[in-house]
Amino acid sequence: MASILSTTHLTFASKPQNSQSFSPKLNSQFLGLQTNVSWLRPCRIGPSNGSRAKCWFKFGKNGVDAEGAGIYGSQSRDDFDRDDVEQYFNYMGMLAVEGTYDKMEALLSQNIHPVDILLLLAASESDKPKIEELLRAGASYTVKDADGRTALDRANQEIKDFILGFSVQKA
């Protein structure tokens, strides 16, 4: 089960304490560490004997994975739009390399669905996790850009094999 236990011990006093003696401890079995937090100041509210809290975070329907939680792999083809293309273009540093949005705008003006544009860009960048996400969402690797190139044409051999292998598994 993908759960994270986090324990926090905070002391609340009814009388002021000096800031040196007030040092809450943060424990995390997930991180395997114990830390004193000295930047917190004493507080005059709450129980005078201290408090303790345990929090469990479960991911997914059964606490299993990001896909089950709807964080990854739950998007469909129509969930992607122009903004996603621009964000990916910026995130991957393509604007810095290209200097303008001209290539992105050219793809968007061709009436190509945004999910297919993202696949073209991700294939050019060899971004396997993004490629898998887009293929799961229904992106087509046969869509051609203005130069007549598909995602397979833009990809290196490893990424071509990955795309074709994923498509065979999906079928």
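All values below come from the heavy atoms of this structure, side chains included, with hydrogens, waters and symmetry mates left out.
Across all non-hydrogen atoms, the minimal contact from Ala123 to Ala151 is CB-O, 3.4 Å. Taking both residues in full, the closest heavy atoms of Leu119 and Ala139 are given as CD2-CB, 3.9 Å, listed atom of the first, atom of the second, then distance.
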From CA spacing to verdict: side chain to side chain donor-acceptor pair (under 3.5 Å), Asp161, Gln157: CA-CA 6 Å; Asp161 294 341; Gln157 190 59 47; 3.0 Å; yes
Val85 and Leu121: CA distance, side-chain angles, deciding distance, side-chain contact (heavy atoms from CB on, under 4.5 Å) verdict: CA-CA 9 Å; Val85 174; Leu121 297 174; 4.2 Å; yes
Steps toward side-chain contact (heavy atoms from CB on, under 4.5 Å) verdict (Phe80, Leu134): CA-CA 9 Å; Phe80 292 90; Leu134 296 167; 3.8 Å; yes
CA sep, side-chain torsions, deciding dist, call: Gln75, Glu133, side-chain contact (heavy atoms from CB on, under 4.5 Å): CA-CA 8 Å; Gln75 289 183 299; Glu133 175 189 0; 3.1 Å; yes
Worked check of side-chain contact (heavy atoms from CB on, under 4.5 Å) between Asp116 and His113: CA-CA 5 Å; Asp116 298 325; His113 195 283; 3.6 Å; yes
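Going from atom CE of Met104 over to atom CZ of Arg82 covers 5.5 Å, rounded to the nearest 0.5 Å. Put simply, CZ on Phe89 and CG on Leu108 are 9.5 Å apart, with the number rounded to the nearest 0.5 Å. Considering CG of Asp79 and CG of Asp84, their distance stands at 9.0 Å, rounded to 0.5 Å. Taking CG of Leu118 as the reference point, atom CD of Glu125 lies at 12.0 Å (rounded to 0.5 Å).
Contacts of Tyr88 classified as side-chain hydrogen bond (donor to acceptor under 3.5 Å, both in side chains), with partners at least two apart in sequence or in another chain: Asp127. Applying the side-chain hydrogen bond (donor to acceptor under 3.5 Å, both in side chains) criterion to Asn90, with sequence neighbours excluded, gives Tyr101.
Ionic pairing of Glu132 and Arg136 is present here: one or more N-O contacts between side-chain nitrogen and carboxylate oxygen are shorter than 4.0 angstrom. Of the charged side-chain nitrogens involved, at least one lies within less than 4.0 Å of a carboxylate oxygen, so that Asp145 and Arg154 count as a salt-bridged pair. Ion pairing between a basic and an acidic side chain is recognised when a charged N comes within 4.0 Å of a carboxylate O; Lys128 and Glu158 show such pairing.
A donor-acceptor pair under 3.5 Å is formed between the side chain of Gln110 and the backbone N or O of Ala146. Checking side-chain atoms of Asp147 against main-chain N and O of Arg149 turns up no donor-acceptor pair under 3.5 Å. Judged purely by atom type and a 3.5 angstrom limit, Ser126 has no side-chain atom pairing as donor or acceptor with the backbone of Ala122.
No more than 12 heavy atoms of other residues, nucleotides or ligands lie within 6.0 Å of NZ in Lys103, so this atom counts as exposed by the packing criterion.
Looking at Ile131 and Ile163, their side chains come closer than 4.5 Å, going by heavy atoms from C-beta outward.
For the side-chain contact (heavy atoms from CB on, under 4.5 Å) test with Leu152, the passing option among Ile159, Leu164, Thr142 is Leu164; the others fail.
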